[in-house]
There are 2 protein chains.
Amino acid sequence: MTFTEQHERRIPQRTIPRLSHYYRALLESREVQLISSETIAELTGYTAAQVRRDLAYFGQFGTPGRGYSVEDLKKVLLQILGIDHQWNVALIGMGNLGLALLRYRGFHEQGFNIIAGFDNDPRKVGQMIEGVKVHQMDELAEYAKRDQIRMAVVTVPASAAQAVVDQLVGVGVKAILNFAPVRLQVPGGVKIHNIDLAIELERLSFLAIHK
Amino acid sequence: MTFTEQHERRIPQRTIPRLSHYYRALLESREVQLISSETIAELTGYTAAQVRRDLAYFGQFGTPGRGYSVEDLKKVLLQILGIDHQWNVALIGMGNLGLALLRYRGFHEQGFNIIAGFDNDPRKVGQMIEGVKVHQMDELAEYAKRDQIRMAVVTVPASAAQAVVDQLVGVGVKAILNFAPVRLQVPGGVKIHNIDLAIELERLSFLAIHK
DNA sequence: TAGATTGTTAATCGATTAACAATC
DNA sequence: TAGATTGTTAATCGATTAACAATC
């Protein structure tokens with residue numbers, strides 16, 4: 001069974017991380033052959049109706065009366081999430097957060113290969129960290145082309161982030177994970193996703209004091 | 001003007017990070033006296049109606065025909081978000097991500113003081129990193145009590161996270177920022193917020209391949 | 001066949017937006 | 001006063017849930 005784009009309707013934003021959770025549940029589940037939406041729901045904490053609805057946005061992958069083939073559904077979810085292949089990723093900004101992400105094993109395990117680091121600090125340029133060479137920003141175009149880099153992680157200070165993003169867009173990067181605490185402008189066709197630790201902390205603080 | 005809890009209705013989850021963005025906009029804005037919902041909207045990328053609606057969940061802070069007092073609104077948002085005072089935070093897990101968060105200046109700038117680190121790796125225990133001492137997990141209760149720790153950041157492996165969270169709950173921690181990629185159980189009254197880098201990467205991958 | 005479970009429709013729920021009376 | 005802008009109501013939009021015919 002293969003996922004084909006044709007079935008696709010407008011997907012609620014919140015469906016996307018749920019798909020990731022479903023995929024994880026399949027990896028962890030002991031069900032070898034078939035798994036029901038009810039079982040996936042139990043493993044993930046969502047509801048069975050939600051599981052079926054989310055999957056149905058992308059096609060018909062189950063068999064009424066039986067359930068979903070674990071093997072097939074894994075493949076389908078890999079395809080839908082775009083993690084059925086490797087991504088070459090550039091990491092821009094070699095500060096503490098950048099270095100931590102470089103050392104974080106999760107990226108590589110998921111098929112996201114950080115293959116080049118960039119920073120304008122002369123003390124960092126030329127260093128080799130975790131097998132990844134640190135380059136000057138003006139070498140970005142060269143490596144982006146050579147290594148088909150279409151995804152980037154940005155961990156530069158807020159004040160530098162828009163310029164960095166403009167450069168990334170200029171060399172053909174299509175998806176950016178931004179940790180700088182600032183709203184960035186990108187042209188249509190380029191996707192940006194923000195993780196803002198300060199705002200997450202404030203959210204936690206809010207939750208802590210409101211009942 | 002002071003925010004009092006009494007006005008509060010059920011707050012949409014998505015309102016919370018927007019409040020943080022409004023607060024940032026106030027810090028950055030050049031409006032000295034008064035600011036309109038329209039101006040806040042322009043600075044944050046939301047709509048004026050949304051700004052007014054979000055603020056109205058917590059009380060009446062504006063003046064019709066005039067706008068909001070920048071100074072007053074700053075104070076109110078600080079109170080609502082719970083960042084009008086310092087939080088003492090324990091950091092559990094001194095791996096790469098934990099160390100990066102320890103070095104990340106944003107925490108301290110926001111009034112979140114990481115005052116103790118915990119890890120069970122004997123090579124890490126006793127070390128002093130960025131002015132923070134690393135302790136064994138079994139010393140948690142002692143420090144939690146002494147330093148009134150009510151918030152914690154968890155960066156241990158998924159397999160260890162539930163045990164860690166149970167201990168945190170046991171010593172009175174009320175809010176947990178969890179980076180371990182696993183769903184954790186907490187009793188009512190304890191708030192947990194998850195940041196899952198693997199899932200954020202998969203989200204980015206999804207966005208990158210879906211038009 | 002009887003029981004199980006999907007995919008989908010309709011109903012519900014919740015959040016956002018538009019509109020405007022109230023008010024400065 | 002006239003113009004501006006809030007706070008709130010009603011309308012709209014979007015996402016979730018319940019229910020069930022279709023199907024294995």
Side-chain angles (χ1 to χ4, degrees), chain A residues 1 3-4 6-19 21-22 25-26 29 31-73 76-77 80 203 206, chain B residues 1 3-4 6-19 21-22 25-26 29 31-73 76-77 80 203 206:
Chain A
M1 186 180 312
F3 154 67
T4 52
Q6 75 199 28
H7 295 281
E8 205 164 332
R9 280 180 265 168
R10 197 175 159 344
I11 315 299
Q13 288 297 308
R14 285 155 164 268
T15 290
I16 306 167
R18 285 197 297 265
L19 295 174
H21 286 119
Y22 303 156
L26 293 180
S29 90
E31 321 285 326
V32 194
Q33 293 282 342
L34 290 165
I35 193 167
S36 68
S37 57
E38 185 56 44
T39 303
I40 296 175
E42 281 166 19
L43 291 169
T44 55
Y46 300 114
T47 66
Q50 181 109 73
V51 172
R52 294 199 299 276
R53 156 54 83 230
D54 283 339
L55 295 175
Y57 285 121
F58 300 93
Q60 305 190 166
F61 307 121
T63 309
R66 316 275 283 118
Y68 300 88
S69 153
V70 173
E71 191 187 346
D72 286 355
L73 196 51
V76 162
L77 285 171
I80 293 173
R203 188 203 299 262
F206 177 96
Chain B
M1 185 181 312
F3 154 67
T4 52
Q6 73 198 31
H7 295 282
E8 207 164 328
R9 280 181 266 166
R10 200 179 156 340
I11 314 299
Q13 288 297 308
R14 288 157 160 267
T15 289
I16 307 168
R18 285 197 297 265
L19 295 174
H21 285 121
Y22 303 156
L26 293 180
S29 91
E31 320 284 325
V32 194
Q33 294 282 344
L34 289 166
I35 192 166
S36 68
S37 57
E38 186 56 45
T39 303
I40 297 174
E42 281 165 19
L43 291 168
T44 54
Y46 301 114
T47 66
Q50 181 108 74
V51 172
R52 295 198 299 277
R53 155 55 84 229
D54 283 339
L55 294 175
Y57 285 120
F58 300 92
Q60 305 190 164
F61 307 120
T63 309
R66 316 275 282 120
Y68 300 88
S69 154
V70 172
E71 190 187 348
D72 286 354
L73 196 51
V76 162
L77 285 171
I80 292 173
R203 188 203 300 263
F206 177 96

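Proteins get letters first, then strands, A, B, ... in listed order; numbering begins at 1 in each. Bear in mind that the values here come from a model prediction, so they are computed numbers and not experimental data.
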Nearest whole angstrom, please: distance from the [atom2] of [N] to the [atom1] of [X].
X: L55(B); N: dG7(D); atom1: CG; atom2: P; answer: 8 Å
X: F58(A); N: dT6(C); atom1: CZ; atom2: P; answer: 18 Å
X: L34(B); N: dT5(D); atom1: CG; atom2: P; answer: 10 Å
X: Y22(B); N: dT6(D); atom1: OH; atom2: C1'; answer: 15 Å
X: L73(A); N: dT6(C); atom1: CG; atom2: P; answer: 10 Å

Applying the Watson-Crick and G-U wobble criteria at under 3.5 Å, what pairs with [N]? Answer none if nothing qualifies.
N: dC24(D); answer: dG3(C)
N: dT8(C); answer: dA19(D)
N: dC13(D); answer: dG14(C)

Is any side-chain heavy atom of [X] closer than 4.5 Å to a side-chain heavy atom of [Y]?
X: Y68(B); Y: T63(B); answer: no
X: I40(B); Y: Y46(B); answer: no
X: L73(A); Y: L26(A); answer: yes
X: L43(A); Y: I35(A); answer: yes
X: F61(A); Y: R52(A); answer: no
X: F58(A); Y: L19(A); answer: yes

- request: Return the nearest nucleotide to the side chain of Q60(A); candidates are dT5(C), dT6(D), dT8(C).
  value: dT8(C)
- request: Do nucleotides 14-24 of chain C as a string where each nucleotide becomes B, S or -: B if the base has a protein heavy atom under 4.0 Å, S if just the sugar-phosphate does, - if no protein is that close.
  value: -SSSBB---BB
task: Using the six-membered ring of Y57(A), assess whether NZ or CZ of R53(A) lies under 6.0 Å from its centre and within 45 degrees of the ring axis.
output: yes
query: dT5(D) phosphate, OP1 or OP2: any side-chain N/O from S37(B) under 4.0 angstrom?
result: no
query: Phosphate oxygens OP1/OP2 of dG7(D): is one of them under 4.0 Å from a side-chain N or O of Y68(B)?
result: yes
